[in-house]
Amino acid sequence: MPMLGLGTYQMDEYDECFESVQRAIRMGYRHLDTAEGYDNEDAVGDAIAESEVDRDDFFVATKISPQNLDYDHVLTNAAESFDRLGVDFVDLLYVHWPTGEYEANDTLEAFAELREEDLIGEIGVSNFTVELLEEAIEVADEPIFANQVEMHPLLPQTELRQFCAQDDVDVELVAYSPIARGDVSDVEELQEVADKHDATPQQVSLAWLREKEVTAIPKATSEDHLRENWLSLDVELDDEDVEKIDSIEERERIVDPDEAPWNQ
């Protein structure tokens, strides 16, 4: 799984999504993240199909929505997602939220079946707390590969990160909203580190996630923002930089619906 990908949340207008994904592919992005709930799997799939890059060189991830998480719905909706994407296999399939029809045994049994049939490469969950992730690992017949959560310097997810790093857990973290939808630009510590590296606070945030061994999937549509994110791969932070970023006391959670598990 490439450690920098393209998130496509709120790219629900076909032409915008198609063109943004094509720009990203030309720039070098190979990790593409979508969801049935984003209403853009067709645009993402068409951009992949019309690129000059082999399908095998992409890491494609999508998600099953909360209202479609019982056993039968998982199988049916996964097939529909594959059809919209124009593929017969996705590299990573997520449980989008542990809400709605989600029930650990029932839902994850269907995901395991998809993996056993080589229709998906890996099983993922999203927006899972430590407790929910523990339960999923315990009941799943196939390993849980990744947990996609909001993470950035204003929401460092320390407890979750430490849990996932344990040898008997070994779950990858994937960060959505990794630049806090631009809010990182107002943080003094990030500005100072950015000045030191002739970079932007957004690039520093993405580099900090990489130092934490977390994959980032920032959303971007314009050529400039896609390139800015891509060039974050050239930013190398030292221990002093990481310590300064870790010292940030401000906390902000952007995606915070009432039904989220941390609000229960």
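Everything quoted here is computed from the prediction, not taken from an experiment.
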Say whether, by atom type as modelled, one donor and one acceptor occur between the side chain of Arg55 and the main chain of Phe89 under 3.5 angstrom. yes

Common cluster, Tyr71/Leu69, ILVMFWY with side-chain heavy-atom separation under 4.5 Å: yes

Could you label the plane-to-plane angle of the His31 and Phe59 rings as parallel, tilted or perpendicular, counting under 30° as parallel and over 60° as perpendicular? perpendicular

Tell me if the centroids of the rings in Tyr38 and His96 come within less than 6.0 Å of each other. yes

Does Asn229 form a side chain to side chain donor-acceptor pair (under 3.5 Å) with Gln202? I'd like the steps, not just the answer. CA-CA 7 Å; Asn229 293 339; Gln202 288 86 344; over 6 Å; no

Assess the residue pair Arg30 and Asp91 against the criterion (salt bridge (charged side-chain N to carboxylate O under 4.0 Å, His left out)); give the C-alpha distance rounded to whole Å, side-chain angles, the decisive distance to 0.1 Å, and a yes or no. CA-CA 12 Å; Arg30 296 295 179 264; Asp91 299 273; over 6 Å; no

side-chain hydrogen bond (donor to acceptor under 3.5 Å, both in side chains) with Glu172: which residues, sequence neighbours excluded? none

Between Asp12 and Asp39 (side chain of the first, backbone of the second, donor and acceptor by atom type, cut-off under 3.5 Å), is there such a pair? no

Test item: side-chain donor near acceptor, Gln22 and Ser51, under 3.5 Å: no

Applying side chain to side chain donor-acceptor pair (under 3.5 Å), run through Thr107 and Glu101 and close with a yes or a no. CA-CA 8 Å; Thr107 301; Glu101 292 185 347; over 6 Å; no

Would you say the side chains of Ser81 and Glu41 form a donor-acceptor pair under 3.5 Å? yes

When you look at CG of Asp167, are more than 12 heavy atoms from neighbouring residues, nucleotides or ligands closer to it than 6.0 Å? no

Do Glu192 and Lys244 sit within salt-bridge range, that is, some charged N less than 4.0 Å from a carboxylate O? yes

Is a side-chain N or O of Glu13 found less than 3.5 angstrom from the main chain of Glu16, in a donor-acceptor match? yes

Scan residues 121-140 for pairs that pass salt bridge (Lys or Arg N to Asp or Glu O under 4.0 Å), counting only residues two or more places apart or in two chains. Arg115-Glu122

Flag, side chain of Glu36 to backbone of Thr62, donor-acceptor distance under 3.5 Å: no

Please determine if Asp238 and Lys196 form a salt bridge, counting it only when a charged side-chain N lies under 4.0 Å from a carboxylate O. yes

Test item: Glu103 side-chain N/O and Asp106 main-chain N/O as donor-acceptor pair under 3.5 Å: yes

Angle between ring planes, Tyr102 versus Phe128, binned at 30° and 60°: parallel, tilted or perpendicular? perpendicular

Got a sec, which pairs hit salt bridge (Lys or Arg N to Asp or Glu O under 4.0 Å) with one end in residues 200-217, sequence neighbours left out? Lys212-Asp246

When you look at Glu223 and Arg227, which way does the salt bridge (charged side-chain N to carboxylate O under 4.0 Å, His left out) test go after all the steps? CA-CA 6 Å; Glu223 187 90 18; Arg227 181 173 291 107; 3.1 Å; yes

